[in-house]
Visitor: 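The structure follows.
Computation of the quantities below employed the complete heavy-atom set of this structure, encompassing side-chain atoms and omitting hydrogens, waters and symmetry-equivalent molecules. Please read these numbers as outputs of a predicted model, since none were measured by experiment.
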Amino acid sequence: MEKSFYNEIAKLKKLIRKGWIYREVPDRLESDAEHTFSMLLMGIEIMSKNHLNLDELKVLKMIVFHELCEIDAGDVTPMEKMPPEVKFEREYACIKRLAKDYEMPEIEDIWLEFEKGQTKEAKFVKKLDKYDAVCQSKIYAEEYDMEKLFEEFRDSVPEIYDELNDLRNL
């Protein structure tokens with residue numbers, strides 16, 4: 001198969017988010033690509049309804065770039081208890097490879113900004129990442145009668161859930 005950026009990112013369509021597997025959600029599970037897509041649309045919705053003083057293009061790129069590391073490193077969840085430095089190194093190796101292979105240094109720059117979590121854009125995207133998981137858990141909870149799944153996710157980040165839910169409902 002020819003090496004192309006599209007072939008790389010298409011791998012995210014097949015990469016199922018492991019957290020749902022570990023929690024035994026039956027049937028059709030969300031891929032990394034679907035997670036990214038829903039984050040993009042919710043990010044656009046929240047930013048368009050509110051004046052958040054964010055670099056919106058950077059936010060959208062960060063949403064997309066933050067998952068690219070899983071192309072090589074896979075979807076590592078906290079349940080796997082991988083040391084953070086090992087996870088970071090595996091993910092960063094993928095990001096550096098993609099940035100170099102496709103001559104897109106911005107991937108590395110924006111990914112590192114997200115990982116450091118110090119800018120307002122990174123803080124927003126990190127919250128949105130958690131919020132998306134809570135929203136998806138609610139869908140699975142309703143679809144498969146798994147109320148405890150939603151409660152687990154909502155209770156793990158109640159302030160983020162409340163804050164972003166309030167921004168969405170203005």
Side-chain angles (χ1 to χ4, degrees), residues 8-50 52 54 59-92 94-95 110-111 113-118 120-170:
E8 294 278 6
I9 62 174
K11 294 173 186 174
L12 295 174
K13 295 179 182 183
K14 295 179 181 178
L15 186 61
I16 300 301
R17 293 182 37 96
K18 284 189 202 168
W20 307 128
I21 296 169
Y22 292 142
R23 287 174 179 84
E24 299 180 354
V25 174
D27 206 24
R28 171 71 173 77
L29 300 177
E30 172 190 44
S31 71
D32 268 24
E34 291 166 317
H35 164 65
T36 300
F37 181 74
S38 63
M39 281 184 65
L40 281 168
L41 293 178
M42 284 197 305
I44 290 168
E45 176 199 19
I46 291 168
M47 290 186 297
S48 71
K49 287 182 177 178
N50 303 276
L52 302 180
L54 297 171
V59 165
L60 298 177
K61 288 179 178 182
M62 194 173 288
I63 289 169
V64 174
F65 295 167
H66 95 280
E67 289 293 323
L68 292 178
C69 61
E70 295 185 10
I71 289 171
D72 292 346
D75 181 29
V76 178
T77 72
M79 298 172 90
E80 294 171 65
K81 298 186 181 356
M82 180 181 288
E85 61 278 2
V86 172
K87 181 179 183 288
F88 178 85
E89 284 306 317
R90 288 182 182 175
E91 292 177 346
Y92 191 29
C94 179
I95 292 299
I110 290 178
W111 185 84
E113 181 178 333
F114 171 78
E115 284 297 310
K116 290 176 185 171
Q118 295 174 340
K120 58 189 174 189
E121 289 80 12
K123 289 175 184 175
F124 176 73
V125 175
K126 283 186 175 285
K127 287 179 184 180
L128 190 62
D129 194 23
K130 290 177 178 23
Y131 182 68
D132 178 70
V134 176
C135 292
Q136 185 62 48
S137 75
K138 186 173 185 179
I139 288 171
Y140 287 145
E142 291 170 356
E143 191 170 333
Y144 300 115
D145 195 27
M146 299 175 75
E147 185 58 32
K148 289 186 191 237
L149 179 69
F150 172 62
E151 291 170 4
E152 172 193 348
F153 275 80
R154 184 198 57 220
D155 293 349
S156 70
V157 289
E159 67 290 342
I160 290 171
Y161 180 74
D162 292 342
E163 176 187 350
L164 293 184
N165 219 29
D166 288 346
L167 288 174
R168 287 187 70 208
N169 292 315
L170 286 177

Visitor: For L149 versus A141, what's the shortest heavy-atom pair and its separation?
Guide: CD2-N, 4.4 Å

Visitor: Evaluate whether atom CD of E85 has more than 12 neighbouring non-hydrogen atoms of other residues, nucleotides or ligands under 6.0 angstrom away.
Guide: yes

Visitor: Does any part of the side chain of E121, heavy atoms only, come nearer than 4.5 Å to the side chain of F124, both counted from C-beta?
Guide: no

Visitor: Working note: Y161 + Y131, criterion ring pair (Phe, Tyr, Trp, His ring centres under 6.0 Å); need CA distance, chi angles, decisive distance, verdict.
Guide: CA-CA 6 Å; Y161 180 74; Y131 182 68; 5.7 Å; yes

Visitor: For residues L12 and L68, determine if any side-chain heavy atom of one lies less than 4.5 Å from a side-chain heavy atom of the other.
Guide: yes

Visitor: Quick one: does M47's side chain get under 4.5 Å of L54's, heavy atoms only?
Guide: yes

Visitor: Would you say the side chain of R23 lies within less than 4.5 Å of the side chain of Y140, judging by non-hydrogen atoms?
Guide: no

Visitor: Using modelled atom types and a 3.5 Å cut-off, is there a donor and acceptor pairing between side-chain atoms of D75 and backbone atoms of K18?
Guide: yes

Visitor: If you measure from SG on C135 to CG on L164, what distance do you get to the nearest 0.5 Å?
Guide: 8.5 Å

Visitor: Going by heavy atoms in the side chains, are S137 and M146 under 4.5 Å from each other?
Guide: no

Visitor: Enter the distance from E67:CD to E91:CD here, rounded to the nearest 0.5 Å.
Guide: 9.0 Å

Visitor: So, for G117 and A122, which heavy atoms are closest and what is the spacing to 0.1 Å?
Guide: CA-CB, 3.7 Å

Visitor: What pair of heavy atoms forms the shortest contact from R90 to M82, and how long is it?
Guide: NH1-CE, 2.8 Å

Visitor: Taking all heavy atoms of I21 and all of L29, pick out the closest pair and write down the distance.
Guide: CG1-CD1, 3.5 Å

Visitor: Atom CD in E143, atom CD in Q136: separation rounded to 0.5 Å?
Guide: 8.5 Å

Visitor: Rounded at 0.5 Å granularity, tell me how far NZ in K123 sits from NZ in K120.
Guide: 10.5 Å

Visitor: K11 and E8: salt bridge (charged side-chain N to carboxylate O under 4.0 Å, His left out), yes or no, with the steps?
Guide: CA-CA 6 Å; K11 294 173 186 174; E8 294 278 6; 3.4 Å; yes

Visitor: So do the side chains of L128 and I46 get within less than 4.5 Å of each other, counting heavy atoms only?
Guide: yes

Visitor: Would you say that M62 contacts W111 through its side chain, given a criterion of any heavy-atom pair below 4.5 Å between the two side chains?
Guide: no

Visitor: Does any non-hydrogen side-chain atom of M39 lie less than 4.5 Å from one of D129?
Guide: yes

Visitor: Quick one: pull up OG in S38 and CG in D132 and give me the separation to the nearest 0.5 Å.
Guide: 3.5 Å

Visitor: Of all the heavy-atom pairs spanning S156 and P158, show the shortest one and how long it is.
Guide: C-CD, 3.6 Å

Visitor: Between K127 and I160 (side chain of the first, backbone of the second, donor and acceptor by atom type, cut-off under 3.5 Å), is there such a pair?
Guide: no

Visitor: Say whether, by atom type as modelled, one donor and one acceptor occur between the side chain of K126 and the main chain of F114 under 3.5 angstrom.
Guide: yes

Visitor: Are K148 and E152 ion-paired here, with the side-chain N under 4.0 Å from a carboxylate O?
Guide: no

Visitor: Does any N or O in the side chain of E80 come within less than 3.5 Å of the main-chain N or O of T77, such that one atom is a donor and the other an acceptor?
Guide: yes

Visitor: Per the salt bridge (Lys or Arg N to Asp or Glu O under 4.0 Å) rule, what does the pair list look like for residues 28-42, sequence neighbours excluded?
Guide: R17-E30, R28-E34

Visitor: Assess whether atom CZ of F37 is packed by more than 12 heavy atoms of other residues, nucleotides or ligands within 6.0 Å.
Guide: no

Visitor: What distance do H35 atom NE2 and S31 atom OG have between them, rounded to the nearest 0.5 Å?
Guide: 10.0 Å

